[in-house]
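All chains are named by letter (A, B, ...) in the order of the sequence lines, taking the proteins before the strands, and each is independently numbered beginning at 1.
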There are 2 protein chains.
Amino acid sequence: MRRDVFQAIADPTRREIIGLVSHESRNVNELADNFEMSRPAVSKHLRILKECGLIKVEKKGRERFCHAQLDKLGEIALWVHQYRRFWNTSLDKLEALLKEEDNK
Amino acid sequence: MRRDVFQAIADPTRREIIGLVSHESRNVNELADNFEMSRPAVSKHLRILKECGLIKVEKKGRERFCHAQLDKLGEIALWVHQYRRFWNTSLDKLEALLKEEDNK
DNA sequence: CCAAAACGTAACCAATTGGTTTCTTTTTAG
DNA sequence: CTAAAAAGAAACCAATTGGTTACGTTTTGG
């Protein structure tokens, strides 16, 4: 069972989960409500994200709150940046988007 | 069959192939020599990379030369950068590495 | 106190993945 | 011309993935 960050973000559902918890912590049912699939299916994705260290799960009463812990994404950034000369044109678009975001 | 860039780079062998062809174009046997696995196995990885647009294959005689076409990696950079506030510490390390690399 | 909520877990399943060996085709070197 | 090199393609296989339903456990609201 390979369990690294690259594999973790390969699945679109997991990327969406990351997006959701990056704004604010969510419990499992809240997260599952965002998807067509069953709650246990989402739970499985959460387990993978947890095992890769991309989320932290905090038990609070009968609920489990998932919050983002995305420092490991730096690993991806590092890898992808070593090839930045190949995607310079896209970088322009990237910078524009980031600046636009900063203005808010 | 999902075939996007995120899934393409999820496999360590494919990341290594990308690393190899990013320096200079390589034919299939040259690439296969770098791995324990059989040539057809490498060929399969190449097909995926090709289908995702990360490499371009140019037939030259009886050889096929693979060269890097990594602009699609910008998609990854874009995604990961939207969470950059989570990996700022790693970014320092990243910048250091990139500068060190530039000095060579 | 107890029914219901919020989960995790187990058992199961189909499809995909990542590998293999074998065979074929195209091209070139001698 | 022909043997060998380069590589795709097919058939196959085991393990993993991503989903399901069913069930068990802990916690809480009324």
ask   = So do the side chains of A:Glu16 and A:Phe35 get within less than 4.5 Å of each other, counting heavy atoms only?
value = yes

task = Kindly say if A:Lys59 contacts the phosphate of D:dT27, meaning a side-chain N or O under 4.0 Å from OP1 or OP2.
result = yes

inquiry  = Please determine whether a side-chain nitrogen or oxygen atom of A:Arg47 lies at a distance below 4.0 Å from atom OP1 or OP2 of D:dT17.
reply    = no

key: Between C1' of C:dG8 and CG of A:Leu49, the distance in whole Å   = 16 Å

query = Are any of the side-chain heavy atoms of A:Leu46 and A:Val28 separated by less than 4.5 Å?
reply = yes

message = Near DNA chain C, counting only heavy atoms under 4.0 Å, which residues of residues 26-43 of chain B show up?
response = B:Met37, B:Ser38, B:Pro40, B:Ala41

task = Check DNA chain D against residues 14-25 of chain B and give the residues with a non-hydrogen atom under 4.0 Å, in numerical order.
result = none

ask   = Less than 6.0 Å separating the ring centroids of A:His67 and A:His23?
value = no

query = So, do B:Trp79 and A:Ile76 sit near enough that their side-chain heavy atoms are less than 4.5 Å apart?
reply = no

task = Would you indicate whether the side-chain heavy atoms of B:Cys52 and B:Arg3 approach each other to under 4.5 Å?
result = yes

remark   = From CD1 of B:Ile55 across to P of D:dA7 the rounded distance in Å is 12 Å

query = Within the pair A:Gln7 and D:dT16, is there a side-chain N or O less than 4.0 Å away from OP1 or OP2?
reply = no

query = Side chains of B:Ile17 and B:His45: closer than 4.5 Å at any heavy-atom pair?
reply = yes

ask   = So, for A:Trp87 and B:Ala77, which heavy atoms are closest and what is the spacing to 0.1 Å?
value = CH2-CB, 3.5 Å

ask   = CZ of A:Phe6 versus P of C:dT17: gap in Å, rounded?
value = 19 Å

ask   = Contacts to DNA chain C from residues 61-70 of chain A, heavy-atom cutoff under 4.0 Å, which residues?
value = A:Arg62, A:Glu63, A:Arg64

request  = Send over the distance from A:Asp11 CG to D:dG19 C1', rounded to a whole Å.
outcome  = 11 Å

query = Between B:Glu58 (CD) and D:dA6 (C1'), how many Å, whole number?
reply = 15 Å

Enclosure of A:Arg47 CZ (heavy-atom neighbours >12, cutoff 6.0 Å) = no

inquiry  = Is the shortest side-chain heavy-atom distance between A:Phe6 and A:Glu75 below 4.5 Å?
reply    = yes

ask   = Side-chain N or O of A:His45 less than 4.0 angstrom from OP1 or OP2 on D:dT17?
value = no

request  = Only pairs at least two apart or in different chains count here, so list each side-chain hydrogen bond (donor to acceptor under 3.5 Å, both in side chains) that has a residue in residues 29-39 of chain B.
outcome  = none

inquiry  = Using only atom types and a distance under 3.5 Å, with no angle test, would you say the side chain of A:Arg14 pairs donor to acceptor with the backbone of A:Gln7?
reply    = yes

task = Answer yes or no: is there a side-chain heavy-atom contact under 4.5 Å between B:Ile55 and B:Gln69?
result = no

Could I get a table of every N or O pair under 3.5 Å where one atom is in the protein and the other is in nucleotides 11-15 of chain D?
none

request  = Could you tell me which residues satisfy side-chain contact (heavy atoms from CB on, under 4.5 Å) with B:Arg62, sequence neighbours excluded, listed by chain and number?
outcome  = none

inquiry  = Measuring only between side-chain heavy atoms, which start at C-beta, is B:Arg26 closer than 4.5 Å to B:Glu24?
reply    = yes

note = note: A:Ile48, atom CD1; D:dT17, atom P; distance rounded to Å ~ 7 Å

